[in-house]
Amino acid sequence: MTRHLITSAIPYINGIKHLGNLVGSQLPADLYARYLRARGHEVLFLCATDEHGTPAELAATKAGKPIEEYCAEMHAIQAEIAAGFGLSFDHFGRSSSLQNRALTQYFAGALADQGLIEEVVEQQVYSNADGRFLPDRYIEGTCPNCGFESARGDQCDNCTKQLDPVDLIDAHSTISGSTDLEMRETKHLFLRQSQLKDRLDDWISEKADWPVLTTSIARKWLHDGDGLRDRGITRDLDWGVPVKRGADDWPGMEGKVFYVWFDAPIEYIACAQEWVDAGKGDDWVRWWRTDQGADDVRYTQFMGKDNVPFHTLSFPATIMGSNEPWKLVDYIKSFNYLTYDGGQFSTSRGRGVFMDQALEILPADYWRWWLLSHAPETSDAEFTWENFQTSVNKDLADVLGNFISRITKFCRSKFGEAVPSAGEYGPAEHALIADLATRVAQYQIHMDAMEVRKSAQELRAIWSAGNEYLQAEAPWTTFKTDPEKAAVQVRLALNLIPLYAVLSAPFIPTAAASMLSAMHVETPDWPDDVPAALEGLAAGHIFEVPEVLFAKISDEDREIWAERFAGTRD
RNA sequence: GGCGUUAUAGCUCAGUUGGUUAGAGCGAACGACUCAUAAUCGUUAGGUCCCUGGUUCAAGUCCAGGUAACGCCA
């Protein structure tokens, strides 16, 4: 069986992510990982926090904490929330780990050995009051062209004129407000991505099966203007991976760190080392080195569209440029954005639902189901409370939850809490089994292709098939004249529950576990043979009627939540 | 401004390489059932496939030009 390496884009450390972030990478990655494990594949599913860079430093300062402490705390919080959503990472690492530090320095050295690192001396804005170099986004001033007061260091958002920070009138730091800025010379390392343009272009061209969203973004960056540009991989900051050439010091680069975009994707590899060092695995190399066993690994990455350039170009440039046999990604599944009630999710304005809040108001499965069944695969998708309420109530409570409720309660009242033994399957039963076999096959096709919405649709149809069968066969009527026939009908319907649990577990793991627990069965194997799977509960098997699996969302709840998460509009 | 994505039923979306009468779920109307979380099941209604032009025996699908929405611009 193929081994599967799966990574989700690593969330930035400063703060709790919203539902849009979740559905764009971690959640579909988890769906896929759970599915492949259930199918019997060996899976390594990794994620981590992306901890370096100026925003993290500023957030730590704002929180009044040393950066290391801040990151450690935020990592713990994100890990807890991820667990709350049932994200089944084999390891949730940190880009600030020692493993990533060493590996990032190693890659920089390897790239330098290949002649792909260039030292460039450039002028950058230094803020004396802040004691740091300022990235363009932290410099504002009045545009000399149009008089717009909040022009940024690189461009005026009002008249779109390209600017240099020195052009701005009354340029000031947005961190401290200080106008005590000066231009200073500083030396940086650049990755000569332009040298790798043709190799990257050829590589992307091979990927005919990738989503349009993925390849079109990559092509744009490859072909726009002068093509792929060289890019700085270092910064004048304290917080980050210290610049070294492998294990050696890098003359002239003392006190500088690697730019976050360079070290963050390397964490995918380092995370596998962390996984081993944490005692959870015994060999990471066989997942990452094609010369040491990773040839049969299929590597899939999940991410939002904003992350596509880094994964299609920058990180592959690092891998290819090293000229060493590291595993390259085989498939990139990218997602559009989830919008909130007609606009964007906004951290600063508290608009939309964030991961911690979501878990406060409803169990993870509600969110998992809605988000996955509405995943923004082909275009942006919109979250509205009305849609959420309707979908969840209909799909989870009415179709799935009520099916389990109606059949277990009916059985209890007529036959007791044990699978009835009388009778044998007739034509209707065989028809249902055949129908389910077809649908399960279709479900697998969609899941294998990572067609998230279509998979959800098929799964729902599978749930519905149980209701259709009960409605058509009406054991409550049959029972009056032919109890033995009713027993057959009930036995088959009860057997659907473990089947549904296994099939549904990638989407709704908690509910699936409850279903199995109520039926008193261990997690069954994947139903490669549907007729056999439907013999799982033998006659006489004891079960119990489960608690209500999914309570409905009331109109009142919906209104309260809509109000609560609307945020403070400008 | 440059670039990208999108535009199909009241709503959310499917529609593979162009090929009969454009599909699903929700919502609506009607009906069936009464085991169940006032749940379920069935039937029906509902579309100028954004606009214009082109290629073709044939265009929702390909091409050109528009329009609109959203996003990105290191």
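- When distances run from any side-chain atom of A:L549 to the nucleotides B:C35, B:U37, B:G42, the shortest one goes to B:U37.
- Salt-bridge formation is not detected for the pair A:K187/A:E122: no Lys NZ or Arg NE/NH1/NH2 atom is positioned less than 4.0 Å from an Asp or Glu carboxylate oxygen.
- B:C13 atom C1' lies 17 Å from atom CZ of A:F383, rounded to whole Å.
- For A:D398 and A:K552, the salt-bridge test passes: some basic side-chain N is under 4.0 Å from an acidic carboxylate O.
- Comparing atom distances between the A:K454 side chain and each of B:U37, B:C41, B:G15 picks out B:G15 as nearest.
- Rounded to an integer number of Å, the gap from CD of A:E473 to P of B:U34 is 14 Å.
- Between A:N467 atom CG and B:C41 atom P the separation is 5 Å, expressed in whole Å.
- Mapping A:E468 and A:D306 onto RNA chain B via the closest heavy atom, the residue that lands nearer the 5' end is A:E468.
- Side chain of A:T408 to main chain of A:S405: a donor-acceptor pair is present (N/O by atom type, distance under 3.5 Å, no hydrogens or angles).
- To the nearest whole angstrom, the two C1' atoms, one in B:G60 and one in B:U6, are 14 Å apart.
- Distance alone, capped at 3.5 Å, places no donor-acceptor pair between the A:K485 side chain and the A:G423 backbone.
- For B:C41, the OP1/OP2 oxygens have a side-chain nitrogen or oxygen of A:S464 closer than 4.0 Å.
- With hydrogens and angles left out, the side-chain atoms of A:Y469 and A:E429 include a donor and acceptor closer than 3.5 Å.
- Not one N or O on the side chain of A:H446 forms a donor-acceptor pair closer than 3.5 Å with the backbone of A:E451.
- When each of B:U12, B:G71, B:U37 is scored by its nearest atom to the side-chain atoms of A:H374, the top-ranked nucleotide is B:U12.
- Spacing between atom OH of A:Y337 and atom P of B:G4 amounts to 17 Å, rounded to whole angstrom units.
- Residue whose closest nucleotide on RNA chain B sits further toward the 5' end, between A:R231 and A:E451: A:E451.
- Below the 3.5 angstrom threshold, one finds no donor paired with an acceptor across the side chain of A:D398 and the base of B:A39.
- Screening A:W463, A:W370, A:F507 against A:L396 for a side chain to side chain contact (heavy atoms under 4.5 Å, CB included) leaves a single residue, A:W463.
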Give me the distances for all protein-to-nucleotides 24-26 of chain B N/O pairs that come in under 3.5 Å?
residue, atom, partner, partner atom, Å
B:G25, O3', A:R460, NH2, 3.1
B:C26, OP1, A:R460, NH2, 3.3

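- Between A:K552 and B:A38 there is no side-chain N or O to OP1 or OP2 distance below 4.0 Å.
- Residue A:N393 contributes atom CG, which lies 22 Å from atom P of B:C11 at whole-angstrom precision.
- With distances taken from any side-chain atom of A:Q471 to the nucleotides B:U34, B:U37, B:A32, the minimum falls on B:A32.
- When the C1' atom is compared between B:U40 and B:C26, the two are found 16 Å apart, to the nearest whole Å.
- Two residues are said to be in side-chain contact when any heavy atoms from C-beta on lie closer than 4.5 Å; A:W561 and A:I553 meet this criterion.
- B:G19 and B:A28 have their P atoms separated by 35 Å, with the value rounded to a whole Å.
- Where stacking is scored as ring centres under 5.5 Å apart with planes under 30°, A:W476 registers as stacked on the base of B:C35.
- Here A:A474 lies out of heavy-atom contact (under 4.0 Å) with every strand.
- Nucleotides B:C62 and B:G18 have their P atoms positioned 8 Å apart, rounded to a whole Å.
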Salt bridge (charged side-chain N to carboxylate O under 4.0 Å, His left out) between A:E57 and A:R132, intermediate numbers included: CA-CA 11 Å; A:E57 286 188 316; A:R132 65 164 74 224; 2.8 Å; yes
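- The separation of B:U52 from B:G46, taken at their P atoms, amounts to 23 Å, rounded to a whole angstrom.
- Comparing the C1' positions of B:U44 and B:C70 gives an interatomic distance of 36 Å, to the nearest angstrom.
- Judged by distance alone, the side chain of A:R558 and the main-chain N or O of A:W385 form no donor-acceptor pair under 3.5 Å.
- Atom CH2 of A:W239 is separated from atom OG1 of A:T54 by 13.0 Å, given to the nearest 0.5 angstrom.
- Stems are defined here as 3 or more consecutive Watson-Crick or G-U wobble pairs with pairing distances under 3.5 Å; those involving RNA chain B are B:1-7 with B:67-73, B:10-13 with B:23-26, B:28-32 with B:40-44, B:50-54 with B:62-66.
- Within 4.0 Å (heavy atoms only), A:F479 reaches no atom of the nucleic acid at all.
- Across all strands, A:I407 comes closer than 4.0 Å to no nucleic acid atom at all (heavy-atom distances).
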